[in-house]
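Report on the following structure.
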Amino acid sequence: MKTTVELPDDVLREAKVKAARRGIPLRKFFTEAVVEKIAREPLPTDHSMKKEWPVAPPNVPKAELRRIHAEIEADSERLDFDDDE
């Protein structure tokens with residue numbers, strides 16, 4: 001998979017030098033570096049990062065919910081559905 005990552009110039013230069021000295025592509029150097037970092041800092045096993053789904057709705061006053069609903073209804077009335085196609 002391809003991605004774009006911003007790195008400080010000095011970090012990129014050093015990574016290029018180290019990869020070249022090892023005779024490996026920069027892509028492989030970065031892959032190894034990330035794999036090593038992941039191995040040193042595994043995800044917590046207590047599931048503290050896990051979010052329950054569905055989450056509880058936000059606490060919004062009923063008057064605001066009615067206002068939002070009315071805006072949605074008004075917008076949907078302006079939609080033009082052409083069933084002739």
Side-chain angles (χ1 to χ4, degrees):
M1 176 186 306
K2 288 187 175 188
T3 192
T4 301
V5 178
E6 289 187 35
L7 298 170
D9 291 342
D10 59 328
V11 172
L12 181 58
R13 255 189 312 276
E14 190 170 346
K16 285 180 177 181
V17 167
K18 291 190 182 235
R21 286 184 179 157
R22 290 182 51 201
I24 63 172
L26 188 59
R27 169 182 61 251
K28 184 173 182 181
F29 181 84
F30 281 131
T31 300
E32 289 175 359
V34 171
V35 168
E36 287 175 20
K37 181 72 171 176
I38 291 170
R40 282 196 307 265
E41 297 180 19
L43 290 175
T45 57
D46 65 354
H47 303 292
S48 62
M49 294 176 59
K50 181 181 174 189
K51 292 191 178 217
E52 295 297 320
W53 189 260
V55 296
N59 188 13
V60 179
K62 289 189 181 199
E64 179 65 4
L65 290 174
R66 282 192 290 273
R67 184 191 69 76
I68 293 169
H69 181 71
E71 283 191 32
I72 292 170
E73 288 295 314
D75 283 348
S76 65
E77 288 175 8
R78 287 192 291 260
L79 294 176
D80 183 23
F81 295 104
D82 190 3
D83 292 334
D84 294 339
E85 292 182 21

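- A side chain to side chain donor-acceptor pair (under 3.5 Å) check over residues 3-16, counting only residues at least two apart or in different chains, returns nothing.
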Would you mind writing out the side-chain donor-acceptor pairs for residues 18-41 within the sub-3.5 Å range, not counting sequence neighbours?
{"residue": "R22", "atom": "NH1", "partner": "E32", "partner atom": "OE1", "Å": "2.9"}
{"residue": "R22", "atom": "NH2", "partner": "E32", "partner atom": "OE1", "Å": "2.7"}
{"residue": "T31", "atom": "OG1", "partner": "R27", "partner atom": "O", "Å": "2.9"}
{"residue": "K37", "atom": "NZ", "partner": "E41", "partner atom": "OE2", "Å": "2.8"}

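- Applying the side chain to side chain donor-acceptor pair (under 3.5 Å) test to residues at least two apart or on different chains, the pairs with a partner in residues 64-73 are E64-R67, R67-E71.
- Through direct or indirect side-chain contacts shorter than 4.5 Å among Ile, Leu, Val, Met, Phe, Trp and Tyr, V60 is connected to L65.
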